[in-house]
**Student:** 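So that we are looking at the same thing, I have put the structure below in structure tokens.
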There are 4 protein chains.
Amino acid sequence: MAEDADPARRSIGARRNPDSAEAILQAAETVLVEAGYAGFSIEAVARRARAGKPTIYRWWPSKAALLLEVYQRQKRVDVPDTGRLEEDLVGFLKNLFAHWRETSSGSVFRSLIAEAQSDETAAAALADYSLGRRSHTAQIIERAKARGEIPAEIDSAVVADLIASFAWRHLLTNRLDEDEATIGKAVNYVMRGIAAPAS
Amino acid sequence: MAEDADPARRSIGARRNPDSAEAILQAAETVLVEAGYAGFSIEAVARRARAGKPTIYRWWPSKAALLLEVYQRQKRVDVPDTGRLEEDLVGFLKNLFAHWRETSSGSVFRSLIAEAQSDETAAAALADYSLGRRSHTAQIIERAKARGEIPAEIDSAVVADLIASFAWRHLLTNRLDEDEATIGKAVNYVMRGIAAPAS
Amino acid sequence: MAEDADPARRSIGARRNPDSAEAILQAAETVLVEAGYAGFSIEAVARRARAGKPTIYRWWPSKAALLLEVYQRQKRVDVPDTGRLEEDLVGFLKNLFAHWRETSSGSVFRSLIAEAQSDETAAAALADYSLGRRSHTAQIIERAKARGEIPAEIDSAVVADLIASFAWRHLLTNRLDEDEATIGKAVNYVMRGIAAPAS
Amino acid sequence: MAEDADPARRSIGARRNPDSAEAILQAAETVLVEAGYAGFSIEAVARRARAGKPTIYRWWPSKAALLLEVYQRQKRVDVPDTGRLEEDLVGFLKNLFAHWRETSSGSVFRSLIAEAQSDETAAAALADYSLGRRSHTAQIIERAKARGEIPAEIDSAVVADLIASFAWRHLLTNRLDEDEATIGKAVNYVMRGIAAPAS
DNA sequence: TCATAAACGAGACGGTACGTCATGTCTTTTT
DNA sequence: AAAAAGACATGACGTACCGTCTCGTTTATGA
């Protein structure tokens, strides 16, 4: 996981050095994976990236900003389009859990959420990001509306919220390896409801 | 608000001094409310409580332990029992949001969740606590099962999880003042499902 | 070097428990030998002696007092009486160095001197003790005066001071294993002087 | 006195800030004079110097190192050269006592000796320093040898040791205001010896 | 062409908090 | 009455990071 391509990276003149930025983002990710959020400090990232702390502060005014960019660099999770909403949602959650579990994304996003609890700007950034993601997720639902699978008056934002909340809580409580059946149930309840059919 | 009933609290012999414990828990809560999770340090709590740091560390081995006890001391939120599950769930969420909004509980619980992202023991403690709460919430659902309102084969743990997740995410993203209608929708979707009725 | 004859020493009622006192003094000596002055704390002594700190503070108001008693308990060094002052002084120094080197006395006395540099009462106690010792040493010289070996007008206190100073400095600078010849020279210079004989 | 020439001393780049070093050494001296060795803590020095503790630890790895540098910064005591050894030695001791008495040097050096009793590195540093000073003092004696005042076979190191020991003990036992006559006697005994002339 | 400006690594700076240790005082319980 | 036990407030220990600063170097750009 080496991050120091060149042993002595230098300024490349009066502009941002992409190598440095890359090294810093790489280092941030590595530190987060190796030492967790507890060991994630600007100091540690700078050491690992062989970068000066001011270089980091110049481009990322806060830990949150750095975390956010690290998260955004990562591959997005696939949103399936099977033609059936329930399958789409289950597939999405399965993919998301696997993504969070198997890459560093989970650690990064957890850290970002944690950071947002003490850092106002992190909270704002996370809110922005979440808004974007939610509307993205809502598209799955909108597609289902278009297909007539669900009524038009369903508030897709709320549904997306329910789904995302379920994912967040599993991430935050270390339950990403949850049984697939549980995911299925959760989605099914949202799809079909839990009330007994009016007989 | 005041935490120093006696200006010079002393040892009361070879056993825990309840006054000190009380002062420390009070101070922890006050610090958290006034300065937020970012300003919540053992140092600050000790200062505010006029207690020694070792006294805190003696009884609460980690920030997490202190946070957890502060949270548990607080009044529990009412779980309504109206005889109709949907009303119960909506009422529960409304009460919970109000509780989190209007008392320090929200700040405390947020902090606890954040702490759990970097502290293993905090994570374990939170998991324990959540388990207890979830089963508690599940009782609402079990009651509905008993009434025949919902089928017996519904996994009440998953339902409780959906509800709790929704609450957590609103807490963590500063959306406790969410429109009541939204809560209603969310619960309704879980109750009735979002799928269009098979026509 | 066990100091706890009985694993559960108890109070013996309303009077000083000699076993405790003994255990504490033993423990003080042991701690000093094993951990040096740096590790010599009331806390450590209490732990080692299985005694309560207040018990120590009751009988020895300061570290200095404890050190002093530990030092005084120890066997005194022999003061030879060979009938010749020079031999007496050399013998005394040799015995003293050996005593300091081979028993815990050296460590204890060093610590006492060090303690006296920051503790006023220790300084006073040390001054008292030194006065006694000096007059004791001066007796060697007085005997020589009586024998007519040295003139009566010699200030034996100053001579004792010179000899004691030499010893102290060797103790304080870890030079107790100094060559015997050096001791001989030092005493010889004091006895015969270093000036060239008036020819 | 005052230690904060500039109210907000800052870093001057990636190298040692002489202002900070100066402020710290000044503060160390002041603290030692005002509060004695007992009150001499890195914490106190940092407070007084308005410096961060890590800054002190960066440059002086131990209290001993700081003490030593404080001592070495101070003006050296004059070594007289009157042409007569006895006068030189008496003058040297008088100057030394006055220097120790009237400046902070006495306190500093006492503390250094005390520190050396518990800190190995302090002991080594002190030994080094003493060696240098002893050879320095020995020069007085060597000069006397050159003049034929004393025989060549006199071990000047031992003589210097006797003189320095006398000074140390007076310092360590608060007897720097000793009668001048006593100093005279001590030197005289070393010069002429105390033995009665062979009649 | 060459001065300027910006970015770089490095690392020192004044601070705050960490978690631990020792201090000397206190009270309860036991003998 | 004294001892054990151990909790207490206090404060120093030495370390890790914080975010800011200045250095000396490097390179692209613009006068």
Side-chain angles (χ1 to χ4, degrees), chain A residues 8-17 19-21 39-44 46-47 49-59 61-63, chain B residues 8-17 19-21 39-44 46-47 49-59 61-63, chain C residues 8-17 19-21 39-44 46-47 49-59 61-63, chain D residues 8-17 19-21 39-44 46-47 49-59 61-63:
Chain A
R9 213 180 324 105
R10 281 298 209 218
S11 166
I12 56 168
R15 68 190 202 282
R16 181 171 186 171
N17 184 341
D19 289 353
S20 291
F40 180 74
S41 65
I42 298 290
E43 196 94 27
R47 249 194 320 266
R50 308 191 67 72
K53 277 196 289 176
T55 302
I56 300 183
Y57 281 107
R58 185 171 0 257
W59 302 112
S62 67
K63 253 200 272 205
Chain B
R9 211 178 330 102
R10 283 293 211 226
S11 167
I12 56 168
R15 67 191 203 283
R16 183 170 185 170
N17 184 342
D19 289 353
S20 292
F40 180 74
S41 65
I42 297 290
E43 198 94 30
R47 253 196 315 269
R50 305 193 67 73
K53 275 194 291 176
T55 302
I56 300 184
Y57 281 109
R58 187 176 353 261
W59 302 113
S62 67
K63 255 199 273 207
Chain C
R9 212 180 326 104
R10 281 293 201 233
S11 167
I12 57 168
R15 65 190 200 281
R16 180 170 181 173
N17 184 340
D19 289 353
S20 292
F40 180 74
S41 65
I42 298 290
E43 194 93 28
R47 246 193 325 265
R50 310 191 67 73
K53 279 194 290 174
T55 303
I56 300 183
Y57 280 108
R58 187 178 344 268
W59 302 111
S62 67
K63 254 201 272 205
Chain D
R9 215 179 323 107
R10 281 291 211 230
S11 167
I12 56 168
R15 68 190 201 284
R16 184 171 186 169
N17 184 341
D19 289 352
S20 292
F40 180 76
S41 65
I42 297 289
E43 198 94 31
R47 251 194 317 267
R50 307 192 68 71
K53 274 195 292 176
T55 302
I56 300 184
Y57 282 108
R58 181 163 16 247
W59 301 113
S62 67
K63 255 201 271 206

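Each chain gets a letter, A, B and so on, in the order its sequence line appears, and its residues count up from 1.
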**Student:** Which residue, A:Ser20 or D:Arg16, contacts DNA chain E at a nucleotide closer to its 5' end, judged by nearest heavy atom?
**Tutor:**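 Nearer the 5' end of the strand: A:Ser20.
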**Student:** Can you check whether B:Trp59 has a side-chain N or O nearer than 4.0 Å to OP1 or OP2 of F:dA7?
**Tutor:**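 No, B:Trp59 has no side-chain N/O under 4.0 Å of OP1/OP2 on F:dA7.
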**Student:** Expressed in angstrom and rounded to an integer, what is the separation of A:Asn17 atom CG from F:dA28 atom P?
**Tutor:**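 Taking atom P of F:dA28 as the reference, CG of A:Asn17 is at 11 Å.
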**Student:** If every non-hydrogen atom of C:Ala46 is compared with every non-hydrogen atom of C:Lys53, which pair is closest and at what distance?
**Tutor:**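 That closest heavy-atom pairing would be CB-CG, 3.9 Å.
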**Student:** Of all residues at least two apart in sequence or in a different chain, which pass the side chain to side chain contact (heavy atoms under 4.5 Å, CB included) check with D:Ser11?
**Tutor:**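 Not a single residue meets the side chain to side chain contact (heavy atoms under 4.5 Å, CB included) criterion with D:Ser11.
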**Student:** Between A:Arg9 and E:dG9, does any side-chain N or O lie under 4.0 Å from OP1 or OP2?
**Tutor:**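 Yes, because at least one side-chain N or O of A:Arg9 sits under 4.0 Å from OP1 or OP2 of E:dG9.
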**Student:** Which pair of heavy atoms, one from A:Gly39 and one from A:Ala44, lies closest together, and at what distance?
**Tutor:**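 Heavy atoms of A:Gly39 and A:Ala44 come nearest at O-CB, 3.9 Å.
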**Student:** If an axis is fit to five pairs at each end of the helix from E:dT1-F:dA31 to E:dT31-F:dA1, what is the angle between the two, to the nearest 10°?
**Tutor:**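 Computed from the C1' atoms at both ends, the axes differ by 10°.
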**Student:** Nearest whole Å is fine: how far is F:dG24 C1' from D:Arg15 CZ?
**Tutor:**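 Taking CZ of D:Arg15 and C1' of F:dG24, I get 10 Å after rounding.
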**Student:** Report the residue (B:Gly52 or D:Ala14) whose heavy-atom-nearest nucleotide on DNA chain F is the more 5′ of the two.
**Tutor:**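 Checking each residue's closest nucleotide, the 5'-ward one belongs to B:Gly52.
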**Student:** At under 4.0 Å between heavy atoms, how does the protein contact nucleotides 17-23 of chain E? Give one character per nucleotide, 5' to 3', with B, S or -.
**Tutor:** SBBBBBB
**Student:** Counting just side-chain N and O atoms, does D:Thr55 come under 4.0 Å of either OP1 or OP2 of E:dG14?
**Tutor:**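 Affirmative; the distance criterion is met.
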**Student:** Quick one: CZ on A:Arg50 to OG1 on A:Thr55, what's the gap to the nearest 0.5 Å?
**Tutor:**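 Rounded to the nearest 0.5 Å, the CZ-OG1 separation comes out at 13.5 Å.
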**Student:** Quick check: closest heavy atoms across D:Arg9 and D:Ala49, and the distance to 0.1 Å?
**Tutor:**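 Here D:Arg9 and D:Ala49 meet closest at NH2-O, 2.7 Å.
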**Student:** Between A:Arg58 (CZ) and F:dC21 (C1'), how many Å, whole number?
**Tutor:**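 Interatomic distance, CZ of A:Arg58 to C1' of F:dC21: 12 Å.
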**Student:** Rounded to whole Å, please give me the gap between CD1 in C:Ile56 and P in F:dG6.
**Tutor:**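 Checked: the CD1 to P distance equals 14 Å.
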**Student:** For the residue pair A:Asp19 and A:Asn17, what are the closest heavy atoms and their distance?
**Tutor:**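 So the minimum-distance heavy-atom pair works out to N-OD1, 2.9 Å.
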**Student:** Please find the pair of heavy atoms, one from B:Arg16 and one from B:Trp59, that lie closest to each other, and give the distance.
**Tutor:**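 Reported closest heavy-atom pair: CB-CZ2, 3.5 Å.
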